[in-house]
Amino acid sequence: MHKLVISDTSCLIILQKVNRLDLLKAIFNEIIVTEEIKAEFGESLPEWVVVTKVIDKKRQKVLELDLDPGEASAIALGLESDNPLLLIDEKKGRRIAKELGLNVSGTIGLFIRAREKKLITSLKIELEKLKQTDFRVSDRMIAQILEKYE
């Protein structure tokens, strides 16, 4: 199990849009975000979301050359942590995090975990809710996920 779970802004926003922020607490108990992510989220966060600072601001600034401040801060914080799990959906951010050796999951991975833990009754229903938002996922990808996990 990961000692620390860091969420990027996109996961928080999309989970709020589908009214499923509760899954983060149910699965991980505590989520860590940076000050930049809190600012990007723009609303009050649940009490189980802990806001912390990135120590190595230079590394964060280098990452900001390719990523937005939230993603860059999440990855920088991940690199300062012992065995973290980074929740991030954007393709470029995921690629960079993986290249830097971080464990990565995202909103769909969270729904799969929730299904495995019987926290949701239907992965299909939750993925349909995602499709009703601005979350980008292909029908082909959804079909593959449902074939494997539903």
Pairwise side-chain contact, [X] with [Y], heavy-atom cut-off 4.5 Å (strictly under):
X: Ile145; Y: Phe111; answer: no
X: Ser81; Y: Leu77; answer: yes
X: Pro84; Y: Val5; answer: no
X: Leu23; Y: Leu119; answer: yes
X: Leu85; Y: Leu4; answer: no
X: Lys131; Y: Asp139; answer: yes
X: Leu100; Y: Leu79; answer: yes
X: Trp48; Y: Asn29; answer: no

Out of curiosity, [X] [atom1] to [Y] [atom2], how far, rounded to the nearest 0.5 Å?
X: Gln60; Y: Lys53; atom1: CD; atom2: NZ; answer: 12.0 Å
X: Arg20; Y: Leu130; atom1: CZ; atom2: CG; answer: 11.0 Å
X: Gln132; Y: Leu127; atom1: CD; atom2: CG; answer: 11.5 Å
X: Ile75; Y: Ile6; atom1: CD1; atom2: CD1; answer: 10.0 Å
X: Asp89; Y: Arg136; atom1: CG; atom2: CZ; answer: 11.0 Å
X: Gln16; Y: Thr133; atom1: CD; atom2: OG1; answer: 12.0 Å

- Using side chain to side chain contact (heavy atoms under 4.5 Å, CB included) as the criterion, point out the one residue from Thr9, Val54, Asp8 that pairs with Ser73. Val54
- Would Glu36 and Lys57 satisfy salt bridge (Lys or Arg N to Asp or Glu O under 4.0 Å), going step by step from the backbone distance to the final call? CA-CA 12 Å; Glu36 292 82 0; Lys57 291 293 188 180; 3.2 Å; yes
Taking all heavy atoms of [X] and all of [Y], pick out the closest pair and write down the distance.
X: Leu123; Y: Arg115; result: N-CD, 4.0 Å
X: Ala74; Y: Thr34; result: N-CG2, 4.2 Å
X: Ile88; Y: Cys11; result: N-SG, 3.8 Å
X: Leu45; Y: Lys38; result: CD1-CG, 3.9 Å
X: Ser7; Y: Ile37; result: O-CD1, 3.2 Å

Determine whether [X] and [Y] fall in the same hydrophobic cluster, where Ile, Leu, Val, Met, Phe, Trp and Tyr are linked whenever their side-chain heavy atoms lie under 4.5 Å apart.
X: Ile27; Y: Ile125; result: no
X: Ile55; Y: Leu86; result: no
X: Leu67; Y: Val62; result: no

- Among side-chain atoms of Glu90 and Ser10, is any donor-acceptor pair under 3.5 angstrom? yes
- Message: Could you go through Glu128 and Lys124, starting from their C-alpha distance and side-chain angles, then the distance that decides it, and tell me whether this counts as salt bridge (Lys or Arg N to Asp or Glu O under 4.0 Å)?
- Response: CA-CA 6 Å; Glu128 285 298 321; Lys124 183 177 183 177; over 6 Å; no
Does [X] [atom1] have over 12 foreign heavy atoms under 6.0 Å away?
X: Arg95; atom1: CZ; answer: yes
X: Glu99; atom1: CD; answer: yes
X: Leu146; atom1: CG; answer: yes
X: Lys25; atom1: NZ; answer: yes

- Task: Take Lys129 and Glu126, measure what salt bridge (Lys or Arg N to Asp or Glu O under 4.0 Å) needs, and give me the verdict at the end.
- Result: CA-CA 5 Å; Lys129 289 180 191 175; Glu126 300 302 330; 3.5 Å; yes
- Task: Check step by step if side chain to side chain contact (heavy atoms under 4.5 Å, CB included) holds for Val18 and Phe135.
- Result: CA-CA 11 Å; Val18 296; Phe135 188 85; over 6 Å; no
- When you look at Glu116 and Arg113, which way does the salt bridge (Lys or Arg N to Asp or Glu O under 4.0 Å) test go after all the steps? CA-CA 5 Å; Glu116 290 170 346; Arg113 285 179 191 226; over 6 Å; no
